Amino acid sequence: MGDVLAGIHATWEFDTDSVLIRFERGIRTPKLFQSLRERRIPYAALSSVTLTPGKRGTVVLRAVPRAGADPLVEAASGQLKEGCDPYRLVLPAEREVLAEYYADELRALLDPASDEPADRFLVAAPEAPMNFKAYDGRASFDGERISFRWSWTGASSAKWKAGDQTFKVSELAGIVWRSPEALDGYLRLVPRAAAPVDHRTGGSLGDLHGPGGSGSADGGSADGVPVASPVTRAADQDPAAVLFGLGYGPVHESLPFAAAVLESVRRTQPAPAASAPALVNAGRRDPADIAERIHHLGELHQAGLVTDAEYTAKKAQLLAEL
């Protein structure tokens, strides 16, 4: 597409196979966005696109990621507040027509299997090394190992007795992130011995999160498959967990950390047996659909939202699809 759509707190740059989301820096921009800085989202990682009215004279363009496509979304498991959703682009209401145009363009680029879960992560995870300060210690990740160094002011006697901990990614089956904005937030590592691997997703049945996720932090099931609980003790007593708290393990530090670990864990797990790829009939586009898009493009041109050059180039591109 080669176009740019600037909104509040972020700018979307559309490429032939992906959209590059650049987040602004500033005191009003959510800290998670500032931490992420920018993310490239392949169109194959999206399941749908929506455009809805926002607050105070705005509209919201949202690209909905496929289940299993983004390690950040998988780690968050529905716990992110709406304002911290990196897939939302907030625009002034007067740009609704332009936003609708881009929503239609994105929908036309979605993968034929967009309504199915992804069999692997399609969006890159935040890069290691990284670390953050928890209430009862400091967590660090170098890309291969996660280390917990206990704090003498916050760690329980059980953790002091166990000593500082280091876990190899290859020894883990998953990770549980419970938002620090909850009363009992924590980050817990799930050893392979504690949770079976779900080969349908390449992930762990121990990848259980708090409310809004695919499972329960206290055990239960993921995707309807009953599992034994990987949690045998409270997070403050578990040497494989660090506690959050007021000012400790904030979302913009602990969630990217969790996403990076989760991506590394999935990458080290045995790949599920691959099935033969289905052939997709790529045939020509429906002429009626092309005509409607050209008509819509003409309205944008007349409204001054698309330049003469953009109108000519896009019209030629649409006609070439007939």
Side-chain angles (χ1 to χ4, degrees), residues 1 5 7-23 30 32-33 35-52 54 59-91 99 102-127 174-177 179 198 200-204 207-215 222-223 251-252 254-267 272:
M1 295 166 66
L5 184 60
I8 300 172
H9 301 322
T11 298
W12 288 13
E13 299 181 12
F14 301 96
D15 207 339
T16 54
D17 60 353
S18 61
V19 55
L20 177 63
I21 302 177
R22 298 184 186 275
F23 298 105
L32 177 61
F33 293 177
S35 175
L36 295 175
R37 301 179 68 177
E38 67 177 41
R39 310 189 79 214
R40 183 168 292 281
I41 312 297
Y43 300 135
L46 303 178
S47 67
S48 62
V49 181
T50 64
L51 182 65
T52 57
V59 292
V60 179
L61 177 63
R62 183 171 189 265
V64 182
R66 291 171 62 185
D70 185 347
L72 189 83
V73 172
E74 292 296 297
S77 191
Q79 298 175 78
L80 279 179
K81 291 183 176 179
E82 186 179 75
C84 289
D85 183 350
Y87 284 86
R88 295 172 77 249
L89 182 66
V90 182
L91 300 144
Y102 281 105
D104 288 341
E105 290 291 297
L106 278 175
R107 292 186 188 108
L109 294 168
L110 294 181
D111 190 278
S114 62
D115 58 343
E116 300 176 5
D119 59 0
R120 61 186 174 85
F121 288 137
L122 301 174
V123 181
E127 295 183 0
I175 186 169
V176 179
W177 181 81
S179 175
D198 182 354
R200 294 170 305 160
T201 62
S204 165
D207 288 356
L208 308 177
H209 302 268
S214 59
D223 299 325
V251 172
H252 69 279
S254 62
L255 180 56
F257 184 104
V261 173
L262 179 58
E263 189 278 334
S264 295
V265 168
R266 295 278 179 91
R267 190 160 20 91

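Numbers here simply count residues along the sequence, with the first being 1. Keep in mind it's a predicted model, so treat the numbers as computed, not measured.
By the salt bridge (Lys or Arg N to Asp or Glu O under 4.0 Å) test, Glu127 pairs with no residue at all, sequence neighbours left out. Contacts of Pro126 classified as side-chain contact (heavy atoms from CB on, under 4.5 Å), with partners at least two apart in sequence or in another chain: Leu36, Met130, Pro256, Ala259. Taking Asp115 as the reference, nothing meets the salt bridge (Lys or Arg N to Asp or Glu O under 4.0 Å) condition, with sequence neighbours excluded. Listed by chain and residue number, nothing satisfies the side chain to side chain donor-acceptor pair (under 3.5 Å) test with Glu116 (two or more places apart in sequence, or in another chain). Residues passing the side chain to side chain donor-acceptor pair (under 3.5 Å) test with Ser179, sequence neighbours excluded: none. Partners of Phe23 under the ring pair (Phe, Tyr, Trp, His ring centres under 6.0 Å) rule, at least two apart in sequence or in another chain, are Phe33. In terms of the side chain to side chain donor-acceptor pair (under 3.5 Å) criterion, residue partners of Ser264 (sequence neighbours excluded) are, by chain and number, Arg267. Ser18 is linked by a side chain to side chain donor-acceptor pair (under 3.5 Å) to Arg40, counting only residues two or more places apart in sequence or in another chain. Not a single salt bridge (Lys or Arg N to Asp or Glu O under 4.0 Å) links Arg66 to another residue, sequence neighbours left out. In this view, Val73 and Pro65, Asp70, Tyr87 satisfy the side-chain contact (heavy atoms from CB on, under 4.5 Å) rule, not counting sequence neighbours. With sequence neighbours excluded, the residues that form a salt bridge (Lys or Arg N to Asp or Glu O under 4.0 Å) with Arg22 are Glu13, Glu38. Ser48 meets the side-chain contact (heavy atoms from CB on, under 4.5 Å) test with Val64; sequence neighbours excluded.
Using a 4.5 Å cut-off on side-chain heavy atoms (C-beta onward), Arg39 and Leu72 make contact. Side chains of Leu46 and Ile41 form a contact here, defined as non-hydrogen atoms less than 4.5 Å apart. Taking 4.5 Å as the limit, every side-chain heavy atom of Tyr102 sits out of range of all side-chain heavy atoms of Val19.
Rounding to the nearest 0.5 angstrom, the gap separating the CG atom in Leu91 from the CD1 atom in Ile8 is 7.0 Å. Atom CG of residue Leu32 and atom NZ of residue Lys81 lie 12.5 Å apart, to the nearest 0.5 angstrom.
Shown here for Ile21 and Ala10, the closest heavy-atom pair between the two residues is CG2-CB, 4.3 Å. The two atoms that bring Glu74 and Phe121 nearest to each other are CG-CE2, 3.7 Å, heavy atoms only. Ala125 and Glu263 get closest at one heavy-atom pair: CB-CB, 3.6 Å. Considering all non-hydrogen atoms of both residues, Val265 and Gly174 come closest at CG1-N, 3.9 Å. Between Ala75 and Leu262, the shortest heavy-atom contact is N-CD2, 4.0 Å. In terms of heavy atoms, Leu122 sits closest to Pro42 at O-CG, 3.3 Å.
Although no hydrogens or angles enter the test, the distance criterion places a donor-acceptor pair under 3.5 Å between the side chain of Tyr43 and the main chain of Asp15. Side-chain atoms of Arg107 come within 3.5 Å of backbone atoms of Val49 as a donor-acceptor pair (strictly under, hydrogens ignored). Gln79 places a side-chain N or O within 3.5 Å of a backbone atom of Trp177 that can act as its donor or acceptor partner.
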